[in-house]
Amino acid sequence: MLGIPRRYSHFVFGAIQSGLTCLVAAAIASLPATAAPDFLEHWLASWLISWVAMLPVVLLAAPAIRSFSLRLTREP
């Protein structure tokens, strides 16, 4: 693969997760422009802007969310 050290896996996860989430959200937000010839350009621009905004949020929130979810659950 890319050879990224395992200790950075949470950053890789956050980048992939935020990218996928923003891709779907940008597609949904761009649906009104599907008839327009520049749909793909609009969608990709929306995705890039939302991904750049969400990546730091996901990376900073992920540890807190993981900790909170562990407090809400228990081992069998």
Side-chain angles (χ1 to χ4, degrees):
M1 301 268 33
L2 291 176
I4 299 171
R6 182 66 45 99
R7 67 180 177 267
Y8 299 117
S9 65
H10 59 285
F11 292 117
V12 174
F13 175 86
I16 293 169
Q17 189 269 333
S18 65
L20 182 61
T21 301
C22 291
L23 187 77
V24 172
I28 293 169
S30 298
L31 281 177
T34 53
D38 58 347
F39 169 75
L40 187 59
E41 182 181 332
H42 182 268
W43 178 34
L44 290 175
S46 298
W47 170 75
L48 184 60
I49 292 167
S50 60
W51 185 60
V52 168
M54 285 308 298
L55 182 59
V57 172
V58 169
L59 292 178
L60 294 173
I65 293 169
R66 186 179 191 304
S67 175
F68 184 60
S69 67
L70 289 174
R71 277 192 246 132
L72 291 174
T73 59
R74 61 180 174 83
E75 293 289 329

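What's counted below: heavy atoms across the whole structure, side chains too, no hydrogens, waters or symmetry copies. Residue indices begin at 1 and follow the sequence shown. Computed from a predicted model, the values in this text were never measured in an experiment.
- Under the 4.5 Å side-chain heavy-atom criterion for Ile, Leu, Val, Met, Phe, Trp and Tyr, Y8 and L59 are members of the same hydrophobic cluster.
- Sequence neighbours left out, the pairs with a member in residues 46-60 that pass side-chain hydrogen bond (donor to acceptor under 3.5 Å, both in side chains) are S18-W51.
- When the side chains of ILVMFWY residues are joined at heavy-atom separations under 4.5 Å, either directly or via intervening members, I49 and M54 end up in two distinct hydrophobic clusters.
- V24 and V57 end up in different hydrophobic clusters when Ile, Leu, Val, Met, Phe, Trp and Tyr side chains are linked at under 4.5 Å.
- Here the CG-CG distance, from L48 to L23, works out to 11.5 Å after rounding to the nearest 0.5 Å.
- Taken to the nearest 0.5 Å, the CZ atom of F11 stands 14.0 Å off from the CD1 atom of I16.
- Shown here are the side chain to side chain donor-acceptor pair (under 3.5 Å) partners of E41, two or more places apart in sequence or in another chain: there are none.
- Scanning for side chain to side chain donor-acceptor pair (under 3.5 Å) contacts around T73 gives an empty result, with sequence neighbours left out.
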